[in-house]
*Asks:* 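Okay, handing you the structure first.
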Amino acid sequence: MLQRLAALSRDTLRRTDLLARWGGEEFLLLMAGAEPLQGLDRLQQAVRENTQPLPFRFSAGWTEAAPMDGPDALLERADAALYRAKAAGRDRCERG
């Protein structure tokens, strides 16, 4: 599943986007100068359409940087949003 997600990310996201594994089942996606929800929606659709015979889904928490944000503040907001997405039924994106 990790290899399939990596391949779908390569095919779906922009060349400038960076996807990295962040813990066991979590990933971090950096998207500079983009509308994050559009990229996540494209990736979720690609996963839904191209993960047979072992289908999988993902939830995402996302946020945008504010002028005074550091990495810890961004990760905290995105992580809280991820937990909200999982609690709300999974296979969804929530903004933090």
Side-chain angles (χ1 to χ4, degrees):
M1 289 188 330
L2 294 174
Q3 290 175 336
R4 189 69 190 134
L5 180 60
L8 289 170
S9 297
R10 230 181 358 262
D11 294 343
T12 305
L13 300 172
R14 302 171 308 163
R15 293 182 63 113
T16 56
D17 297 335
L18 176 65
L19 179 71
R21 194 167 179 188
W22 187 263
E25 297 178 352
E26 294 182 352
F27 292 83
L28 182 64
L29 176 59
L30 300 175
M31 304 175 77
E35 173 55 48
L37 193 53
Q38 289 177 359
L40 288 170
D41 284 344
R42 283 193 315 271
L43 184 56
Q44 278 190 317
Q45 189 63 36
V47 166
R48 287 182 194 115
E49 294 173 355
N50 297 288
T51 56
Q52 297 299 327
L54 291 171
F56 65 91
R57 302 292 180 261
F58 72 89
S59 295
W62 66 278
T63 192
E64 294 179 281
M68 299 303 288
D69 277 341
D72 291 339
L74 287 169
L75 289 171
E76 186 176 311
R77 284 198 311 269
D79 198 45
L82 172 61
Y83 282 99
R84 283 196 310 277
K86 288 180 178 182
R90 302 185 183 232
D91 194 26
R92 54 186 299 128
C93 299
E94 291 284 333
R95 183 177 185 165

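The residues of the chain are indexed from 1 along the displayed sequence.
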*Asks:* Between Asn50 and Ala46, is there a donor-acceptor pair closer than 3.5 Å when you use the side chain of the first and the backbone of the second?
*Replies:* yes
*Asks:* Calculate, to the nearest 0.5 Å, the distance between atoms CD and OG belonging to Gln44 and Ser59 respectively.
*Replies:* 7.0 Å
*Asks:* Once rounded to the nearest 0.5 Å, what's the spacing between atom CG of Leu82 and atom CG of Leu75?
*Replies:* 11.5 Å
*Asks:* Just wondering, more than 12 heavy atoms not from Gln3 lying within 6.0 Å of its CD?
*Replies:* no
*Asks:* Between Arg95 and Glu64, is there a side-chain N and carboxylate O pair less than 4.0 Å apart?
*Replies:* yes
*Asks:* Does a sphere of radius 6.0 Å around CD in Glu76 hold more than 12 heavy atoms from other residues, nucleotides or ligands, not counting ones at 6.0 Å or beyond?
*Replies:* no
*Asks:* Taking side chain as C-beta onward, heavy atoms only, is Arg48 less than 4.5 Å from Asp91?
*Replies:* yes
*Asks:* Please determine whether side-chain contact (heavy atoms from CB on, under 4.5 Å) holds for the pair Asp69 and Arg77, giving the CA-CA distance in whole Å, both sets of side-chain angles, and the decisive distance to 0.1 Å.
*Replies:* CA-CA 11 Å; Asp69 277 341; Arg77 284 198 311 269; 2.6 Å; yes
*Asks:* For the pair Arg4 (side chain) and Pro55 (backbone), establish whether a donor and an acceptor sit closer than 3.5 Å, ignoring hydrogens and angles.
*Replies:* no
*Asks:* Using a cut-off of 6.0 Å, state whether more than 12 heavy atoms not belonging to Glu35 lie near its atom CD.
*Replies:* yes
*Asks:* Report the residues that fulfil salt bridge (Lys or Arg N to Asp or Glu O under 4.0 Å) with Arg57, sequence neighbours left out, ordered by chain and then residue number.
*Replies:* none
*Asks:* Rounded to the nearest 0.5 Å, how far does CZ of Arg92 lie from NZ of Lys86?
*Replies:* 14.0 Å
*Asks:* For Leu37, what are the other residues in its hydrophobic cluster, where any two members join if their side-chain heavy atoms are less than 4.5 angstrom apart?
*Replies:* Met1, Leu2, Leu5, Leu8, Leu13, Leu19, Phe27, Leu29, Met31, Leu40, Leu43, Val47, Phe56, Phe58, Trp62
